[in-house]
Amino acid sequence: MPATTNKSRRKRIGDALAAVGSFMIRLLCVPKCVLCGDPLADDGEICPECAKIWKTARLRRCPVCARTARACSCRPMNMDRSLDTLTEDNRSVSSLVFYPKRDPDAEQQFPELAVRRVIGCLKRSPDRSAEIMAARELAECVLRLLIDAGEKPEEWCITYPPRRASERRKYGFDQAKGLARRISRYSGLKFENCFLRHGGEMQKTLNSMERRENAEHIYTLKGGCVPKGKKYIIADDVITTGATVSALAGLLKEAGALKVYPVSVARTKTKKRRVRRAEPSRRPWFIYRESDK
């Protein structure tokens, strides 16, 4: 038997064992609030006090377009313009919240800490309460988006960017896959496993240019996937520069997909850029000419 077959079989067994262990932990855990960790008295994933903090985080606005993350019209720096926009304001991605950048000199407020907590639980916690909460809210967001755009939800499929195999075995699950499956369950969109990931670096360890190059080389369409004539929602936990969803959208479009639109739990906030007004001779990127004096 070829070595590659044995290797892929060992990976599948390892993934299965990790998934079983994760399920047993979730089964035995006492239901706790996603944010504060206190035991929950009622059904749900979040206590009433933390629900107010999460609502405040969802109402935070972009410093550029002054809209919430769900309606923000700013385009991430590496997001391909071939991606479809379903709204009149050319919104390129819809998210629940803005992901705060870590600033050791600034005091973190409760809404920012709440967002970090939810994303951390999505990525690493065997308790999938954060996944359930985020998927429910994203499903509502997706349905509202499609209906407002005049689209029929039954014509759309939902897919996801696969996690690195080493991370999947380490934590026992693929957070984007679980998120997409739950959104499919809550919204009625058909779930499709469209992509394979082949190694590559972790996107969070790379800069914007490296993210784009890395994403373009590590994903391929899965055998048997036929995107021709279909419409896709790509669901992810965090969209930073848009490089990953752009690479996946490119594969789907090349294979004949009609429309592709990304959604995520969180997205990074666009910086408000200041205009430099230095003298021409003091601009290192500026070609100084006598006519500029």
Side-chain angles (χ1 to χ4, degrees), residues 34-35 45-46 53-81 83-102 111-123 130-149 156 158-161 175-180 182-184 186-187 189 203-204 208 211 215 232-249 259-272:
V34 171
L35 299 185
E45 299 80 37
I46 190 170
I53 297 175
W54 178 248
K55 184 178 180 180
T56 302
R58 290 200 60 179
L59 293 176
R60 288 295 173 92
R61 295 181 177 271
C62 173
V64 177
C65 67
R67 297 179 180 178
T68 61
R70 188 183 71 83
C72 180
S73 57
C74 300
R75 183 180 294 272
M77 65 179 71
N78 280 343
M79 184 163 284
D80 195 339
R81 292 190 176 273
L83 277 164
D84 296 281
T85 54
L86 303 178
T87 59
E88 294 181 358
D89 57 5
N90 295 324
R91 194 187 314 163
S92 58
V93 57
S94 290
S95 305
L96 297 180
V97 292
F98 288 112
Y99 189 76
K101 288 197 172 182
R102 192 181 298 276
E112 282 76 12
L113 294 174
V115 173
R116 288 190 175 278
R117 173 68 176 171
V118 169
I119 297 302
C121 290
L122 272 173
K123 289 180 176 293
E131 178 185 288
I132 295 171
M133 182 185 76
R136 186 183 296 116
E137 295 185 9
L138 263 182
E140 179 185 355
C141 178
V142 168
L143 287 177
R144 186 183 302 175
L145 177 72
L146 295 178
I147 293 172
D148 290 347
W156 286 74
I158 188 163
T159 188
Y160 68 98
Q175 80 277 12
K177 181 178 181 179
L179 188 67
R182 289 190 186 275
I183 295 174
S184 171
Y186 297 145
S187 65
L189 274 64
Q203 290 287 74
K204 66 180 181 181
S208 59
R211 284 172 184 257
Y232 286 92
I233 295 288
I234 300 177
D236 203 356
D237 53 350
V238 180
I239 290 179
T240 306
T241 65
T244 298
V245 292
S246 294
L248 301 184
K259 293 182 179 181
V260 183
Y261 188 83
V263 299
S264 65
V265 179
R267 62 166 293 180
T268 53
K269 192 182 295 184
T270 305
K271 290 183 178 180
K272 195 168 186 178

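FYI, the numbering just counts along the sequence from 1.
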Item to check | Pairing residues for Ala114 by the side chain to side chain contact (heavy atoms under 4.5 Å, CB included) criterion, not counting sequence neighbours | outcome: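 Ala114 satisfies side chain to side chain contact (heavy atoms under 4.5 Å, CB included) with Leu35, Ile53 once adjacent residues are dropped.
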Next on the checklist: Going by side chain to side chain contact (heavy atoms under 4.5 Å, CB included), name the residues that satisfy it together with Ser95, two or more places apart in sequence or in a different chain.
Outcome noted: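 So Ser95 forms a side chain to side chain contact (heavy atoms under 4.5 Å, CB included) with Ala69, Val93, Ser264, Arg267.
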Next on the checklist: Do Trp156 and Ser187 make a side-chain contact, defined as non-hydrogen atoms from C-beta onward lying under 4.5 Å apart?
Outcome noted: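 They are not in side-chain contact.
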Item to check | Reference residue Ile239; test side chain to side chain contact (heavy atoms under 4.5 Å, CB included); the match among Val265, Thr268, Ile234, Val245 | outcome: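 When side chain to side chain contact (heavy atoms under 4.5 Å, CB included) is applied between Ile239 and each of Val265, Thr268, Ile234, Val245, only Val245 qualifies.
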Please identify each residue that fulfils salt bridge (Lys or Arg N to Asp or Glu O under 4.0 Å) with [X], with sequence neighbours left out.
{"X": "Glu131", "answer": "Arg128, Arg182"}
{"X": "Arg70", "answer": "none"}
{"X": "Lys177", "answer": "none"}
{"X": "Arg117", "answer": "none"}

Which distance, rounded to the nearest 0.5 Å, do you find between the [atom1] of [X] and the [atom2] of [Y]?
{"X": "Leu138", "Y": "Leu96", "atom1": "CG", "atom2": "CG", "answer": "4.0 Å"}
{"X": "Leu248", "Y": "Asp236", "atom1": "CG", "atom2": "CG", "answer": "8.5 Å"}
{"X": "Leu189", "Y": "Ile183", "atom1": "CG", "atom2": "CD1", "answer": "9.0 Å"}
{"X": "Glu45", "Y": "Cys121", "atom1": "CD", "atom2": "SG", "answer": "12.0 Å"}

Next on the checklist: Run Trp54 and Val118 through side-chain contact (heavy atoms from CB on, under 4.5 Å) and show every step you take.
Outcome noted: CA-CA 9 Å; Trp54 178 248; Val118 169; 3.7 Å; yes
Next on the checklist: What I want to check is whether the side chains of Tyr261 and Ser94 have a donor and an acceptor closer together than 3.5 Å.
Outcome noted: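 Yes, because at least one side-chain N or O of Tyr261 sits under 3.5 Å from a partner of the opposite role on Ser94.
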Write down the atom of [X], the atom of [Y], and the distance for their closest heavy-atom approach.
{"X": "Ala71", "Y": "Arg91", "result": "CA-NE, 3.6 Å"}
{"X": "Thr68", "Y": "Leu59", "result": "CG2-O, 4.0 Å"}
{"X": "Pro76", "Y": "Thr241", "result": "CB-O, 3.3 Å"}
{"X": "Thr159", "Y": "Ala180", "result": "O-CB, 4.1 Å"}
{"X": "Val263", "Y": "Ile233", "result": "CG2-CG2, 3.7 Å"}
{"X": "Gln175", "Y": "Leu122", "result": "CB-O, 3.1 Å"}

Checklist entry - Does the side-chain contact (heavy atoms from CB on, under 4.5 Å) test come out yes or no for Ile132 and Tyr186, once each step is laid out? => result CA-CA 10 Å; Ile132 295 171; Tyr186 297 145; 3.4 Å; yes
Checklist entry - Between Tyr99 and Arg116, does a side-chain contact (heavy atoms from CB on, under 4.5 Å) hold up when you go through it step by step? => result CA-CA 7 Å; Tyr99 189 76; Arg116 288 190 175 278; 3.2 Å; yes
Checklist entry - Any ion pair linking Arg144 and Glu140 (charged N to carboxylate O, less than 4.0 Å)? => result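 A salt bridge is present here (some side-chain N lies under 4.0 Å from a carboxylate O).
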Item to check | Whether Arg67 side chain and Ser73 backbone form a donor-acceptor pair below 3.5 Å | outcome: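 Pair absent, no side-chain N/O of Arg67 close to backbone of Ser73.
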